[in-house]
Amino acid sequence: SQQGEEDPQALSIQEGENATMNCSYKTSINNLQWYRQNSGRGLVHLILIRSNEREKHSGRLRVTLDTSKKSSSLLITASRAADTASYFCATDLGNDMRFGAGTRLTVKP
Amino acid sequence: EAGVAQSPRYKIIEKRQSVAFWCNPISGHATLYWYQQILGQGPKLLIQFQNNGVVDDSQLPKDRFSAERLKGVDSTLKIQPAKLEDSAVYLCASSLLAGAKNIQYFGAGTRLSVL
């Protein structure tokens, strides 16, 4: 069964705009990770945020985590056409990691 | 550093036939995962190995799916016999550690079509 649920399911923006994707989960976690998947490829790890962290940055990515609400968000600033992909949150439950259904992001040039 | 290698990239079979997928993880990675990704969904864990031992196979349909990781390196996933609903991408991933902070590195996957 899938643990995380991303919202929205699909997002279409213009190049240069910011993209925000949300993830909600159900049980306590050790950490939460975000992955990107380009069409026809495997997943690529983007960023990991521990359960005791509230915010983390990596380049144009900003991730927040609210354990009280069991939710996380991924912000991509100044989006580029190359950011077009599916984005998945993954909740680490210890020896078990569960992926959500993903948000399909399209960035139009 | 070489990534996770999977083969074949594509496979088309008829229902009730058998199929096998192969995965070579990143050198030194003790943990290996097989996922099933149905179109439009996120990856679903089928089985997790720690070295050559099974850590979690709770979501593996054991009546038709089997997996092994001999010598704690390469792994094969087999489906026998295949059903139409097995059509999916099968992803292999590996990580240095299991448990918390286990960043996973994925292969490109094998796309299976069952006709």
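So that the names make sense, note that chain A is the first sequence line, chain B the second, and so on, each numbered from 1. Keep in mind the model is a prediction, meaning the values are calculated, not measured.
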Quiz item: How would you list all residue pairs meeting salt bridge (Lys or Arg N to Asp or Glu O under 4.0 Å) that involve residues 3-28 of chain B, not counting sequence neighbours?
Solution: none
Practice problem: Determine, using the 4.5 Å side-chain heavy-atom cutoff (strictly less than), whether A:Y35 and B:Y33 are members of one ILVMFWY cluster. | Solution: yes
Self-check item: More than 12 heavy atoms of other groups within 6.0 Å of B:Q80 CD
Solution: no
Self-check item: Separation of B:L45 CG from A:R98 CZ (nearest 0.5 Å)
Solution: 6.5 Å
Practice problem: Apply side chain to side chain contact (heavy atoms under 4.5 Å, CB included) to B:Q37 and A:Q37, showing your working. | Solution: CA-CA 12 Å; B:Q37 186 177 25; A:Q37 185 178 34; 2.9 Å; yes
Quiz item: Are B:Y105 and B:L32 linked, directly or through other ILVMFWY residues, by side chains that come within less than 4.5 angstrom of each other?
Solution: no
Self-check item: Interchain contact, A:E6 with chain B, by part (heavy-atom threshold 4.5 Å)
Solution: neither
Practice problem: Report whether B:F49 and B:F65 are members of the same hydrophobic cluster (ILVMFWY, side-chain heavy atoms less than 4.5 Å apart, transitive linking). | Solution: yes
Practice problem: Write down the atom of B:Q104, the atom of A:H45, and the distance for their closest heavy-atom approach. | Solution: O-CB, 4.3 Å
Quiz prompt | Over all atoms of both residues, closest heavy-atom pair of B:L91 and A:G42 | solution = CD2-CA, 4.2 Å
Quiz item: Between A:V107 and A:L74, is there a shared hydrophobic cluster once you connect ILVMFWY residues whose side-chain heavy atoms come closer than 4.5 Å?
Solution: yes
Self-check item: Contacts with chain B made by residues 58-68 of chain A (heavy-atom distance under 4.5 Å), listed by residue number
Solution: none
Practice problem: Using a cut-off of 6.0 Å, state whether more than 12 heavy atoms not belonging to A:L75 lie near its atom CG. | Solution: yes
Self-check item: B:V19-B:I47 co-clustered via ILVMFWY side chain contacts under 4.5 Å
Solution: yes
